[in-house]
Amino acid sequence: MKDIIKNLVGDALEKVAGSHHFVLPESYAIQIEQTRDASHGDYACNIAMVLSKQVGMKPRDLANLIKDATTDNEYILKIELAGPGFINFFIDATAYHSIIPEIFEQGHDFGRSTSEEHQKVLLEFVSANPTGPLHIGHGRGAAYGATVANLLRFAGFDVTCEYYINDAGRQMDILAASIWLRYQQVFNNALSFPDNAYQGDYIKLLVNNIVESHGDQYTYDLDAINEAMADDDAERRLDSIIRICKEALGKDCYQLFFKAGLDSILQGIREDLEEFGVCFENWFSEQSLVDDHTVDACLEKLEEEKWILEKEGAKWFASSRLGDEKDRVLIRENGQATYFASDIAYHKNKFDRGFDKVINIWGADHHGYIARVKAAITALNYDAGKLEILLVQFATLYRGKEKLQMSTRSGEFITLNELQQEVGKDAARFFYILRKSEQHLDFDLELAKSESNDNPVYYIQYAHARICSVFRQLSEKGFIYDRKDGLNSLSNLTEPHEMKLLATLTRFRDVINSAALNYEPHQLAYYLRDLANDFHGYYNASQFIVDDTVIRNARMTLIDACKQVLLNGLSLLGVSAPEKM
RNA sequence: GCCCUGGUAGCUCAGUGGAUAGAGCAAUCGCCUCCUAAGCGAUAGGUCGCAGGUUCGAUUCCUGCUCAGGGCACCA
């Protein structure tokens, strides 16, 4: 309908331009909007105000000419001028009815688009360090990423979801050393434990497994450890312990501790995500980039292209020449590559896989990192414009009014899994995406738990369950739902509640498109609330199960279509659509 | 100091270059002999952070200021 009006206005405009001898600007966009206020008709166009100056006419005069020049259309009942120069279109109800058969024809695919077909997208998200279970902070990225992926797929993109495993680097060494220290503690009560090592309970569970299968064969000299612990500098102390741990165990046995931590934590992460309805096609290992020399290759390439500087004993990437605020270290003074070096390799790998779009979802704390990554991509002669970085603001956790700190190292956190047990997947997924991603999210545990019924997800699900219930009642009362008859009787749907519901159903495709292309799942959440609201209003205003067969079938057909759209929308959000509540 | 985000009803947040700025919660008042009251309807609540600018029109765009959160490592 929007397009029909757009074309009519476009034609009328050209006609007016011809007869009044003025020249239209080379490019102008005709905007047609669904109105909010019924007194403004069904669709409104503001083109007269947009063009009035360039054309040299008063907006209302131009609007009037356009109105008169618009050819008749079977669906347009009347055109009115209003306000400063709006052209309002009043549409015949039957134009709205046409959405119902379309909903049934496409079913689960209603709202799906093929306009972005063959666009290959890589979507990387979560990618939390495998040093502990996922907590509530990670949940936001997981829910957001998974929903964006669903939306993009529905919009026609070919999406691959990927989790980048930071299985190389110092954090992992700290983890391995933490496990080793806990292991030592089992046999030496006197040993203290540094507060900047990983101290969550999950470490103790891991240690128990090692003790069970390997006994005390890896115990080590207590004095040597205590000596290292005496260092005043907390981070240096950790490095000493890592060094001692590596020396004491040797390469193979160190791997035993390392892998024990990595494998079981990663397994836990996979399970938690799966339970949360978040699936990845790829789990990409950082270490693999070291092993297959991609990191080395990148460094060589950058060296060749003269992007590498040596100063203060380290190798730097001259990112400041590409818009970054300063240069960045790639190889440290001690010869070790930085995380940034392997991240460059990772992005090279992503680009080499031939995606049309590479999207990273990062926590907002990484924003300073964007310039250097884009600089590296440009330096490697790739198109940095294909990389889009979506920042998700932090979720701050509250228990009532008390703000809780979340730290993986200190072991003080609520895990994603615990959240799911307490709040439920549906409510948690919905709560996470209800806020715009760039908004801070205050996640109040007390509120989420004690007043979970206030979560609008129940309101939407209730609409779906209510429709299902009406259908159950229908057959219990001995009626048979005849959709074909309903589709032929749609002209009976003319009440305000019915028209509103039809208008909202018509909006669905636009909403999906906009939510997908802008990476804004909350648009869909708010839309579904509106749709549920329209339905609940209709439910209270009209009886569906009435004796008049024609009216009954028409109304049942309308709420049947509404049910389908609720289901499609909820599925995209990863939320279930229960038939009973 | 520099760079991101945000400042909209008592609270939590949507929204928009346009016609009377919306929703939930909280408050007040109504609605179940009738398809699920996890619902519906109504009332009340606003100088859209402050000040300039662009515009026919700014809460929306631009600039400055201010407040709040985050980021500015040879950590990942």
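Hydrogens, waters and symmetry mates play no part in the numbers below; they use all other heavy atoms, side chains included.
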B/S/- along nucleotides 1-6 of chain B (protein heavy atoms under 4.0 Å) is --BSSS

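- A close approach under 4.0 Å does occur between a side-chain nitrogen or oxygen of A:Arg466 and OP1 or OP2 of B:A37.
- Phosphate contact (OP1/OP2 of B:C74, side-chain N/O of A:Lys315, threshold under 4.0 Å): absent.
- The side chain of A:Asn540 contributes no N or O atom lying less than 4.0 Å from OP1 or OP2 of B:C35.
- A donor N or O paired with an acceptor N or O is found under 3.5 Å between the base of B:A19 and the side-chain atoms of A:Asn88.
- Here CG of A:Leu570 is found 5.5 Å from CG of A:Leu528. Values are rounded to the nearest 0.5 Å.
- Remark: ring of A:Tyr526 does not overlap the six-membered base ring of B:A23 in a stacked fashion, as centroids less than 5.5 Å apart with planes less than 30° apart are not both met.
- Applying the salt bridge (Lys or Arg N to Asp or Glu O under 4.0 Å) rule to pairs touching residues 124-139 of chain A yields A:Glu124-A:Lys350, sequence neighbours excluded.
- Look at A:Arg328 and A:Asp324 and you find a salt bridge, because one of the NZ, NE, NH1 or NH2 atoms lies within 4.0 Å of a carboxylate O, short of that distance.
- A:Glu162 and A:Tyr346 share a donor-acceptor pair across their side chains, judged by distance under 3.5 Å alone.
- The six-membered or imidazole ring of A:Phe535 lies away from that of A:His464, with a centre-to-centre distance of 6.0 Å or more.
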Mind listing the side-chain donor-acceptor pairs of residues 307-318 of chain A below 3.5 Å, one per line with the distance, residues two or more places apart or on another chain?
| residue | atom | partner | partner atom | Å |
| --- | --- | --- | --- | --- |
| A:Trp316 | NE1 | A:Lys311 | O | 3.0 |

